[in-house]
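Below: one structure, written as structure tokens.
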Amino acid sequence: MARFSGFDEVFSALYVDFDNIYTRFLEADPEAARAFGSTPYRWVRWLENHALRILYGDGVRRRILKRMCYLNPQRYQEFRHQFTRSAFQVVDCPPLTSRGKTSTDIHLVMDCMDDLSHPTKFDEFIILSGDADFTPLLIRLQEHARRTLVLSVGYSSPAYTAAASWRIREDWFVQQALKDERDDADNENVGRLTVPATAIPPQEDKEPNPGNSW
């Protein structure tokens, strides 16, 4: 099987489960956690260039047309401004129970389902979360012939990763999107991202299989 073909532009929608990704990064790598929350513009640019040649061939552009971030304002209010400045719609999801359970899951799922009928037919749904509760959502999106890219930090349920079209490699995301400062600038500079040469793996000419990491 060949790469996906017939694309000049790939229209994508991005959904960020901030609490899930940030807390997992905080446990494993506080520096990465801080970069994730403080400089979303940097890793969004990286996502716009990530794996395009591998998945679609040369000359294809990814446009992230919708950006959603779901966060608990009681714990992570300090990062809210950074996301709004990076063209995200931020949905405040405060705790609803004494154990700190928020409504992120249901908000994210409802938005994805609504976006299946969006006038702009999104080719890709990019979900940054390792929450296995989203497995049925990934399956439903696949049934509608939409590709799903997921980023999970730390352990991920095998069922969750199998349900995704592609899994973004955590180590690449940390090193290239969060810690590589060769193309970094202050928050006002949202120019072109230079993708490191290591972003193209040796097996780039092989057809990727579902569940592969990129």
Side-chain angles (χ1 to χ4, degrees), residues 12-50 64 66-112 124-135 137-138 148-157 160-161 163-164 166-181 183-187 190 193 213-214:
S12 303
L14 171 62
Y15 310 84
V16 180
D17 181 351
F18 183 88
D19 298 26
N20 179 275
I21 296 295
Y22 182 82
T23 55
R24 291 194 180 192
F25 269 140
L26 195 62
E27 295 171 356
D29 188 339
E31 180 185 349
R34 174 60 57 174
F36 178 77
S38 301
T39 57
Y41 70 91
R42 184 198 299 174
W43 51 260
V44 167
R45 291 187 322 217
W46 184 83
L47 287 174
E48 287 176 335
N49 291 276
H50 179 63
I64 299 179
K66 182 168 186 173
R67 306 177 184 184
M68 302 294 299
C69 177
Y70 310 86
L71 61 75
N72 178 349
Q74 293 185 11
R75 295 188 62 183
Y76 305 117
Q77 181 65 26
E78 63 180 297
F79 300 112
R80 194 181 196 281
H81 182 58
Q82 301 300 332
F83 279 81
T84 57
R85 289 185 66 189
S86 298
F88 277 85
Q89 299 179 56
V90 178
V91 179
D92 290 332
C93 300
L96 300 177
T97 70
S98 59
R99 294 187 177 184
K101 177 66 175 176
T102 70
S103 58
T104 290
D105 292 8
I106 189 63
H107 276 293
L108 193 154
V109 169
M110 288 192 300
D111 286 343
C112 283
E124 295 178 333
F125 286 69
I126 305 173
I127 299 175
L128 305 193
S129 179
D131 192 338
D133 289 350
F134 294 131
T135 302
L137 172 64
L138 297 178
T148 52
L149 283 71
V150 300
L151 170 71
S152 58
V153 179
Y155 174 79
S156 299
S157 162
Y160 179 70
T161 55
W166 322 111
R167 181 184 178 187
I168 301 167
R169 282 179 50 171
E170 177 187 343
D171 57 339
W172 284 16
F173 187 81
V174 170
Q175 293 301 323
Q176 299 173 12
L178 299 181
K179 293 186 177 182
D180 190 339
E181 299 181 353
D183 189 55
D184 195 21
D186 61 32
N187 288 356
V190 292
L193 174 66
S213 299
W214 303 105

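Computed from heavy atoms alone, side chains included, the values below leave out hydrogens, waters and symmetry copies. Each residue takes its place number in the sequence, starting with 1. Not measured: the values here are computed from a predicted model.
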Verify, without hydrogens or angle tests, whether Ser38 (side chain) and Ala35 (backbone) share a donor-acceptor contact under 3.5 angstrom. no
The criterion is ring pair (Phe, Tyr, Trp, His ring centres under 6.0 Å); which residues satisfy it with Phe18, sequence neighbours excluded? Tyr22, Phe36, Tyr76, Phe79, Phe83
How long is the span from the [atom1] atom in [X] to the [atom2] atom in [Y], to the nearest 0.5 Å?
| X | Y | atom1 | atom2 | result |
| --- | --- | --- | --- | --- |
| Leu108 | Leu137 | CG | CG | 7.0 Å |
| Cys69 | Leu14 | SG | CG | 9.0 Å |
| Ile64 | Ser12 | CD1 | OG | 6.0 Å |
| Tyr70 | Asn20 | OH | CG | 14.0 Å |

[X] to [Y] - nearest heavy-atom pair and separation:
| X | Y | answer |
| --- | --- | --- |
| Asp19 | Leu71 | OD1-CA, 3.3 Å |
| Pro40 | Ser86 | CG-OG, 3.5 Å |
| Ala163 | Thr148 | O-OG1, 4.0 Å |
| Gly130 | Arg24 | O-NH2, 3.5 Å |

Ala32: side chain to side chain contact (heavy atoms under 4.5 Å, CB included) partners, not counting sequence neighbours: Phe25, Asp29, Val174, Leu178, Lys179
Start with the C-alpha gap between Thr161 and Arg167, add the side-chain angles, then the distance that decides, and say whether side-chain contact (heavy atoms from CB on, under 4.5 Å) holds. CA-CA 7 Å; Thr161 55; Arg167 181 184 178 187; 3.9 Å; yes
Would you please test Cys93 and Asn72 for side-chain contact (heavy atoms from CB on, under 4.5 Å) and show each step? CA-CA 5 Å; Cys93 300; Asn72 178 349; 5.8 Å; no
Does Phe88 reach the side chain of Met68, with side-chain heavy atoms less than 4.5 Å apart? no
Charged N to carboxylate O below 4.0 Å: is that the case for [X] and [Y]?
| X | Y | answer |
| --- | --- | --- |
| Arg80 | Asp92 | yes |
| Glu48 | Arg67 | yes |
| Glu78 | Arg34 | yes |

